[in-house]
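Before I ask anything, let me first share the structure, which is written out below as structure tokens.
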Amino acid sequence: MFLLYEYDIFWAFLIISSLIPFLAFFISGVLAPINKGPEKLSSYESGIEPMGDAWLQFRIRYYMFALVFVVFDVETVFLYPWAMSFDVLGISVFIEALIFVLILIVGLVYAWRKGALEWS
């Protein structure tokens, strides 16, 4: 039997944790002073007068390396609970996790061949 009242604490937590960021932005928008002068519009460099243009272009390799890192970081998040309950889940879940890891290995090989992991 599925009892919905057991999830009351979950829904209350979800609603409250969703409202906190909206309230923070709303309160800061209402209370913040609106003074747009040259000092406010200048870039901040640790109290030093800004020199040159504030716009810098980064190479795409930094983004590709970060993207590959995030993919494998998320893989760890998905595989950790599986590894903790490996003995209970059985062979079918092992095969699913194996397919998941093989797909990620194919992605790693693709990124490697495209040169996304080279740092030169």
Side-chain angles (χ1 to χ4, degrees):
M1 185 169 168
F2 186 70
L3 302 174
L4 288 176
Y5 65 86
E6 292 179 358
Y7 292 98
D8 289 344
I9 294 173
F10 168 76
W11 290 114
F13 178 76
L14 184 68
I15 291 169
I16 290 170
S17 63
S18 298
L19 286 178
I20 287 174
F22 290 113
L23 286 174
F25 279 117
F26 177 73
I27 291 171
S28 69
V30 169
L31 296 179
I34 303 173
N35 296 345
K36 295 203 178 192
E39 288 294 323
K40 181 77 173 178
L41 296 176
S42 69
S43 61
Y44 179 73
E45 294 184 10
S46 303
I48 301 171
E49 191 66 33
M51 297 169 23
D53 192 15
W55 176 257
L56 296 174
Q57 239 178 343
F58 290 102
R59 293 175 52 182
I60 190 70
R61 293 195 187 275
Y62 297 122
Y63 297 112
M64 294 301 295
F65 201 79
L67 187 63
V68 170
F69 171 76
V70 167
V71 165
F72 286 99
D73 196 38
V74 170
E75 171 196 8
T76 305
V77 169
F78 282 124
L79 287 179
Y80 184 74
W82 169 79
M84 291 291 108
S85 58
F86 175 71
D87 55 346
V88 178
L89 296 174
I91 191 72
S92 64
V93 176
F94 174 74
I95 293 171
E96 290 175 8
L98 186 64
I99 292 170
F100 178 68
V101 170
L102 288 175
I103 290 171
L104 288 172
I105 288 173
V106 167
L108 177 63
V109 169
Y110 177 77
W112 198 338
R113 288 195 178 180
K114 285 291 189 179
L117 302 178
E118 294 176 12
W119 198 262
S120 59

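Since the model is a prediction, treat every value here as computed from it, not as a measurement.
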Exceeds 12 heavy-atom contacts within 6.0 angstrom, atom CG of Leu98: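 Correct, the count exceeds 12.
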Between Leu108 and Phe69, is there shared hydrophobic-cluster membership here, with clusters defined by ILVMFWY side-chain heavy atoms closer than 4.5 Å?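 Leu108 clusters together with Phe69.
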Give the minimum heavy-atom separation between Pro81 and Ser85, together with the two atoms involved.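 Closest approach of Pro81 to Ser85, heavy atoms only: O-OG, 3.1 Å.
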To the nearest 0.5 Å, tell me how far Leu102 CG sits from Ile95 CD1.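 That separation rounds to 11.5 Å.
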Should Ile103 and Ile99 count as side-chain neighbours, where that means a heavy-atom distance under 4.5 Å?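 They are in contact (side-chain heavy atoms under 4.5 Å apart), so the answer is yes.
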Work out which heavy atom in Phe72 is nearest to a heavy atom in Leu104; give both atom names and the distance.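 Reported closest heavy-atom pair: CZ-O, 3.7 Å.
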For atom CZ of Phe26, decide whether the heavy atoms of other residues, nucleotides or ligands shown that lie under 6.0 angstrom number more than 12.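 Count not over threshold, so no.
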Taking side chain as C-beta onward, heavy atoms only, is Val71 less than 4.5 Å from Glu75?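 No, every pair of side-chain atoms sits at 4.5 Å or beyond.
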Are Trp112 and Ile105 linked, directly or through intermediate hydrophobic residues, by side-chain heavy-atom contacts shorter than 4.5 Å (ILVMFWY only)?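 Yes, it is one cluster - the side chains of Ile105 and Trp112 are joined through contacts under 4.5 Å.
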How long is the straight-line distance from CD1 of Ile15 back to CZ of Phe10, given to the nearest 0.5 Å?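 Reported value, rounded in 0.5 Å steps: 10.0 Å.
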List the atom of Leu89, the atom of Trp82, and the distance in Å for their closest heavy-atom pair.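 Here Leu89 and Trp82 meet closest at CD1-CD1, 3.9 Å.
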Establish whether Phe65 and Val70 are linked, either directly or via other cluster members, by ILVMFWY side-chain heavy-atom contacts under 4.5 Å.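 Yes, Phe65 connects to Val70 through the hydrophobic network.
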Cluster overlap Val101 with Ile91, hydrophobic side-chain contacts below 4.5 Å: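 Linked, Val101 and Ile91 end up in one cluster.
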